[in-house]
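The block underneath contains the structure these notes are about, expressed in structure tokens.
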There are 2 protein chains.
Amino acid sequence: MPKLLVIDDDLDMLALVRTALEKEGYQVDTEANAASLQPARCRLYDLLLLDVMMPGEDGFSFCRRIRTEVDCPILFLTAKAEDSALVQGFGLGADDYIKKPFSIAELRARVSAHLRREVRQPTHILRRGNVRFDIQAKTAYAGEHTLPFTKGEYAICEHLALHAGQVFTKEQLYEAVFGFDAEGDPSAVAEHIKNIRAKLKAHGICPIDTIWGVGYKWQKSEDL
Amino acid sequence: MPKLLVIDDDLDMLALVRTALEKEGYQVDTEANAASLQPARCRLYDLLLLDVMMPGEDGFSFCRRIRTEVDCPILFLTAKAEDSALVQGFGLGADDYIKKPFSIAELRARVSAHLRREVRQPTHILRRGNVRFDIQAKTAYAGEHTLPFTKGEYAICEHLALHAGQVFTKEQLYEAVFGFDAEGDPSAVAEHIKNIRAKLKAHGICPIDTIWGVGYKWQKSEDL
DNA sequence: GTTAATTTTAAGGATTTTATAAGGAAGAAG
DNA sequence: CTTCTTCCTTATAAAATCCTTAAAATTAAC
């Protein structure tokens with residue numbers, strides 16, 4: 001279920017867009033003010049919809065500010081119909097420019113097209129609820145905050161999340177993470193699990209279940 | 001130099017579009033008839049521009065026929081302004097739908113945006129917070145001051161900044177910078193990192209993180 | 001309710017990895 | 001030839017992680 005962020009100062013417009021896109025099955029968040037939004041927040045989403053003319057920071061300025069740090073498609077949604085504005089928008093790194101008034105059908109079709117193209121590209125982001133793993137960067141995030149995992153903690157945590165719902169014994173976890181031959185004391189894994197849980201709990205989430213007498217598993221969403 | 005294919009039965013339109021896009025530096029081929037075009041031919045191009053209403057095979061039919069075999073962006077360029085046609089176009093896997101009459105500026109902007117996303121081409125100037133890299137001049141700046149990097153230091157630093165957020169081992173960094181066969185002592189890289197950090201710290205910035213047990217990475221903004 | 005097994009927690013030391021500093025080799029510039 | 005810069009190596013100090021151990025808490029079984 002892709003996550004979208006819509007930024008517009010017009011609350012009616014926000015409600016309209018949100019309704020239309022939620023009907024498509026997307027998870028939609030809205031913001032009325034761009035100025036306070038940091039790139040880290042935007043990176044939580046799969047696509048951004050931006051109004052251009054807003055009090056405070058306008059859409060162009062916002063796009064310029066975050067573009068180098070945010071990879072997802074950025075779509076302008078605006079009443080500025082002049083070519084110069086459109087060219088400026090694309091020049092700032094936008095992926096589409098939809099002129100108001102637009103039809104709901106067009107909005108949905110364009111959003112869908114951009115998301116479709118994203119998934120065509122190999123992704124290195126694993127999302128499990130509020131926790132995201134950047135496989136390449138070997139970094140985990142809780143919301144917009146980086147989780148300060150050590151190497152071993154990250155490896156164990158990623159392995160559990162990647163195979164969500166599957167139970168692993170301590171020995172299996174140790175082998176999966178540090179290699180076959182590795183002979184790990186099971187209690188070493190327990191120590192790592194403890195630290196992982198502590199760092200996750202700091203953000204109010206505890207997605208790792210203990211299966212008594214067996215091992216650990218990452219919760220599947222239906223277990224919540 | 002990206003290669004584009006434009007398909008339209010209107011020869012004046014073909015000439016207009018070709019001229020506009022060749023001015024951008026693209027290599028443009030044109031076809032007046034879609035029916036004879038095979039997917040293999042289309043795979044030669046980086047982007048397709050398609051008219052919808054054509055004698056013989058129309059644009060929608062053509063798109064449906066080749067989409068599963070052709071990965072590049074497909075843009076419709078059409079006088080059919082109805083929402084239903086637009087939705088149908090996107091539904092067939094198109095990436096954009098430009099309504100006639102369109103401005104040359106808009107055409108260029110949209111084509112450029114789609115190619116940019118495909119290739120994700122970096123610009124000559126890379127900005128990461130307060131640090132800027134001039135890729136061509138191989139020079140880095142902190143604010144207005146030039147950073148006195150040596151050649152090797154610059155190469156390592158640029159590589160980290162270019163892939164901000166991604167972790168590289170010392171070996172990977174050495175290879176990326178000095179070539180595949182290079183067998184570098186990891187500690188040589190550590191020495192360079194030390195010097196790079198010292199020069200950045202002189203301007204009050206320290207954007208390179210150590211990922212213990214893995215390597216180094218350029219911070220993404222959320223890590224600050 | 002009691003017991004036994006298992007997990008959680010906490011603390012310490014061992015190990016691994018990185019940071020720092022100093023010295024030398026190779027090459028460019030004067 | 002000398003001088004300088006850059007790069008690499010080596011050695012040592014510092015830091016962080018990992019593992020071990022043991023006690024406390026929890027869970028399951030009787």
Side-chain angles (χ1 to χ4, degrees), chain A residues 138-140 146-160 167-202 205-219 223, chain B residues 138-140 146-160 167-202 205-219 223:
Chain A
K138 293 191 187 302
T139 309
T146 301
L147 289 165
F149 286 149
T150 68
K151 180 184 172 185
E153 287 164 9
Y154 174 84
I156 290 176
C157 195
E158 183 205 287
H159 190 261
L160 284 171
V167 185
F168 295 92
T169 65
K170 299 185 183 65
E171 290 81 0
Q172 284 175 326
L173 275 178
Y174 200 93
E175 282 185 9
V177 167
F178 298 106
F180 288 112
D181 52 348
E183 282 199 9
D185 188 322
S187 55
V189 174
E191 161 75 5
H192 288 195
I193 294 282
K194 185 194 79 168
N195 292 330
I196 291 170
R197 288 213 258 233
K199 287 166 185 175
L200 287 168
K201 196 134 201 171
I205 40 187
C206 20
I208 297 176
D209 284 344
T210 299
I211 309 302
W212 213 87
V214 186
Y216 303 95
K217 78 165 182 188
W218 191 281
Q219 294 170 357
D223 299 339
Chain B
K138 296 205 180 301
T139 310
T146 301
L147 289 164
F149 286 149
T150 68
K151 182 181 167 187
E153 287 164 8
Y154 174 84
I156 289 176
C157 196
E158 181 205 288
H159 191 260
L160 284 171
V167 184
F168 296 92
T169 66
K170 298 184 183 65
E171 289 81 0
Q172 285 175 325
L173 277 178
Y174 201 93
E175 282 185 9
V177 168
F178 298 106
F180 287 113
D181 51 349
E183 282 201 8
D185 188 321
S187 54
V189 174
E191 163 73 6
H192 287 211
I193 293 282
K194 187 192 80 171
N195 293 331
I196 291 170
R197 288 214 258 232
K199 287 166 185 175
L200 287 168
K201 196 135 201 170
I205 40 187
C206 21
I208 297 177
D209 282 343
T210 298
I211 310 302
W212 212 89
V214 186
Y216 302 94
K217 80 167 181 188
W218 192 280
Q219 292 170 356
D223 302 332

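For the numbers below, each heavy atom of this structure counts, side chains included, while hydrogens, waters and symmetry mates do not. Naming: A, B, ... by sequence-line order, numbering from 1 per chain.
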Checklist entry - For D/dC7, does either OP1 or OP2 sit under 4.0 Å from a side-chain N or O belonging to B/Thr150? => result yes

Checklist entry - Listed by chain and number, what are the side-chain hydrogen bond (donor to acceptor under 3.5 Å, both in side chains) partners of B/Thr139, not counting sequence neighbours? => result none

Checklist entry - Looking at residues at least two apart in the chain, or sitting in another chain, which of them share a ring-ring contact (aromatic ring centres under 6.0 Å, His included) with B/Phe149? => result none

Checklist outcome for this item: So salt bridge (charged side-chain N to carboxylate O under 4.0 Å, His left out) across residues 148-158 of chain B, not counting sequence neighbours, yields B/Glu153-B/Lys199

Item to check | Helix axis bend for the helix from C/dG1-D/dC30 to C/dG23-D/dC8 - C1'-based end axes, five pairs, 10° rounding | outcome: 30°

Checklist entry - How does each nucleotide of nucleotides 2-14 of chain C score, in 5' to 3' order, for protein heavy atoms under 4.0 Å: base (B), sugar-phosphate only (S), or none (-)? => result ---BSSBBBB---

Next on the checklist: By nearest heavy atom, map A/Gly152 and B/Pro148 onto DNA chain D; which one lands nearer the 5' end?
Outcome noted: B/Pro148

Next on the checklist: Distance check needed: D/dC8 C1' versus B/Glu171 CD, whole Å only.
Outcome noted: 15 Å

Checklist outcome for this item: Sequence neighbours excluded, the answer for side chain to side chain contact (heavy atoms under 4.5 Å, CB included) partners of B/Ala190 is B/Lys170, B/Tyr216

Checklist entry - For A/Glu153 and D/dA16, what is the distance between atoms CD and P respectively, to the nearest whole Å? => result 14 Å

Checklist entry - Can you find a side chain N or O atom of A/His192 that sits less than 4.0 Å from OP1 or OP2 on D/dT17? => result no

Checklist entry - In Å and rounded to the nearest 0.5 Å, what is the NE2 to OG distance from A/His192 to A/Ser187? => result 10.0 Å

Next on the checklist: My understanding is that only residues two or more places apart in sequence, or in another chain, count here; which of them pass side-chain hydrogen bond (donor to acceptor under 3.5 Å, both in side chains) with A/Thr210?
Outcome noted: A/Arg197

